[in-house]
Amino acid sequence: GARVSYAEHIFRGKQDDQLALLYASELRELAQWSWGDLRNQVGAIAAGLRDLGVGEGDRVAAYLPNIPETVASFLACASLGAVWSSAAPEFGARSVIDRFAQIEPKVLLAVDGYRYGGKDFDRRAIVEGIAAELPSVEHVVTLGYLDGSGWQAGFVREGAKLSFAQLPFDHPLWVLYSSGTTGLPKPIVHSQGGILLEQLKKSYLHLDAQPGDRLFWFTTTGWMMWNFLVGVLLTDAAIVLYDGNPGHPDLGTLWDLAERSRMTCLGTSAAFIASCMKASVVPRDGRDLSALRAIGSTGSPLAPEGFRWI
């Protein structure tokens with residue numbers, strides 16, 4: 001039968017000088033990666049994972065924030081045929097263990113810490129505790145995000161050529177989880193071919209992603225909207241990432257980002273919209289939001305007042 005590579009479709013037809021993504025956080029000013037940058041990063045991480053013995057079907061767990069290195073790490077896994085699963089660094093050890101223990105990961109990619117609401121959170125001790133409860137983990141690879149040091153020495157192989165494993169249509173791409181409100185979080189597996197088709201439909205038909213667009217959704221790596229946002233890279237649109245508190249230092253943070261990044265679609269939650277409305281935020285006051293064409297709301301139903309406010 002036919003074989004497929006989700007990661008290969010992501011990179012298909014993309015020119016090195018074309019914009020792939022923009023990113024900002026409480027630790028980083030707004031910056032961008034071209035498709036050439038992303039291709040180089042994915043190739044380097046894939047080579048590092050391959051050196052650790054990661055291959056088709058192996059699970060790679062990520063305790064990483066919503067930053068470009070995480071996108072690159074996911075695509076590196078996908079290119080190898082490895083299975084990705086992520087949890088946000090604000091998750092406590094028990095929540096992470098309850099998820100990752102069920103999939104028996106071979107490698108754990110973990111951040112040293114993050115900044116949220118102006119405060120730094122060191123997660124190194126938490127990572128040690130998580131790894132100790134995951135006997136399947138053979139390697140823990142640290143990304144120095146809080147201290148700015150980057151990937152631990154010797155992990156990435158700069159200059160490595162990116163290649164794509166050709167896989168069965170139903171080969172697992174990633175594992176997501178239910179909320180865990182009734183017992184353990186339940187793993188949900190999406191396949192390389194299945195999610196490729198679904199995300200092409202969603203990106204082109206639902207989001208109407210077009211060349212020159214810059215699409216954003218406020219999310220963490222522990223929510224399926226992160227996976228949804230990464231899927232927009234299947235189109236010729238760019239994506240915008242943000243890591244941090246959307247209410248810090250005030251509720252204008254995401255609207256400021258929309259102006260600075262020339263965002264065309266701002267995705268958020270009904271709760272954020274309600275908070276802006278309650279605080280009498282007027283996004284267009286003092287900002288050039290002329291590029292913004294659409295606002296998306298997910299997570300809970302949007303009240304009629306919130307719809308009218310938008």
Side-chain angles (χ1 to χ4, degrees), residues 14-38 65-68 70-71 114-118 202-220 223 225-226 228-300 302-310:
K14 304 297 176 30
Q15 302 302 311
D16 279 355
D17 60 353
Q18 196 178 335
L19 177 65
L21 57 85
L22 299 101
Y23 61 95
S25 74
E26 293 190 29
L27 285 167
R28 295 171 171 176
E29 293 297 320
L30 181 65
Q32 65 185 47
W33 278 10
S34 68
W35 277 99
D37 296 328
L38 183 58
N66 184 22
I67 56 176
T70 308
V71 176
Y114 62 94
R115 182 173 295 167
Y116 189 87
K202 289 293 185 184
S203 296
Y204 280 114
L205 301 180
H206 182 71
L207 294 178
D208 190 28
Q210 299 292 329
D213 282 352
R214 300 178 176 191
L215 290 98
F216 168 82
W217 220 282
F218 181 78
T219 183
T220 71
W223 189 28
M225 289 308 298
W226 182 85
F228 180 92
L229 181 61
V230 171
V232 174
L233 293 174
L234 288 163
T235 75
D236 286 323
I239 62 174
V240 183
L241 312 176
Y242 184 73
D243 176 53
N245 184 341
H248 178 80
D250 56 50
L251 287 167
T253 295
L254 296 187
W255 304 110
D256 291 341
L257 177 64
E259 178 184 34
R260 291 185 291 123
S261 66
R262 302 297 293 163
M263 201 181 285
T264 59
C265 174
L266 187 154
T268 182
S269 65
F272 177 78
I273 292 169
S275 295
C276 288
M277 191 169 58
K278 185 177 180 181
S280 300
V281 173
V282 182
R284 66 176 177 269
D285 280 4
R287 300 182 183 90
D288 176 8
L289 299 179
S290 57
L292 190 59
R293 196 173 72 237
I295 293 176
S297 176
T298 50
S300 60
L302 180 65
E305 309 84 71
F307 189 86
R308 285 193 294 271
W309 180 83
I310 290 171

Sidechain-backbone polar pair: D213 side chain, L215 backbone, donor-acceptor under 3.5 Å: no
Flag side-chain contact, heavy atom, 4.5 Å: L207 against F228: yes
Note, Y242 side chain near T253 side chain (heavy atom, < 4.5 Å): yes
Non-hydrogen side-chain atoms of T268 and P246 separated by less than 4.5 Å: no
Atom pair CG/CD of L38 and Q18 - distance to nearest 0.5 Å: 11.5 Å
From C276 atom SG to D250 atom CG, the distance as rounded to the nearest 0.5 Å: 9.5 Å
Check: L19 main-chain N/O paired with Q32 side-chain donor or acceptor under 3.5 Å: no
Under-4.0 Å salt bridge between R115 and D243: no
Pair W226-T70, side-chain donor/acceptor within less than 3.5 Å: no
Heavy-atom pair with the smallest gap, counting every atom of S300 and A271: OG-N, 4.5 Å
Pair L254-F272, side-chain contact (heavy atoms from CB on, under 4.5 Å): steps then yes or no: CA-CA 10 Å; L254 296 187; F272 177 78; 3.9 Å; yes
Derivation and outcome, side-chain contact (heavy atoms from CB on, under 4.5 Å), residues T298 and W217: CA-CA 9 Å; T298 50; W217 220 282; 3.0 Å; yes
Parallel, tilted or perpendicular, as decided by the 30° and 60° cut-offs, for the rings of F216 and F218: tilted
Gap between atom CG of L292 and atom CG of L266 - 0.5 Å precision: 6.0 Å
R284 CZ: over 12 foreign heavy atoms closer than 6.0 Å: no
W35 vs L233 side-chain heavy atoms within contact, under 4.5 Å: yes
Under 3.5 Å: donor-acceptor pair, side chain of S25, backbone of G244: no
K202, NZ: over 12 other non-hydrogen atoms inside 6.0 angstrom: no
Identified side chain to side chain contact (heavy atoms under 4.5 Å, CB included) partner of N66 from the options T220, L241, V230: L241
Spacing of CE belonging to M277 relative to CD belonging to E305, to within rounding of 0.5 Å: 5.5 Å
Nearest atoms (heavy-atom pairs only) where G117 meets N245: N-CB, 3.6 Å
Full working for side-chain contact (heavy atoms from CB on, under 4.5 Å) between M263 and L22: CA-CA 10 Å; M263 201 181 285; L22 299 101; over 6 Å; no
Side-chain heavy-atom pair Y114, I67 within 4.5 angstrom cut-off: no
Donor-acceptor pair, side chain of E259 and main chain of L289, under 3.5 angstrom: no
Within-4.5 Å side-chain heavy-atom neighbours: R28 and P68: yes
Minimal non-hydrogen separation, S203 against T235, with atom names: CB-CG2, 3.5 Å
Which atom of S275 lies closest to which atom of L251, heavy atoms considered: O-CD1, 3.5 Å
R287 CZ to R260 CZ distance, which is reported to the nearest 0.5 Å: 10.5 Å
Nearest heavy-atom neighbours spanning Y204 and D236: OH-N, 4.4 Å
P283 to V281 - nearest heavy-atom pair and separation: CD-O, 3.5 Å
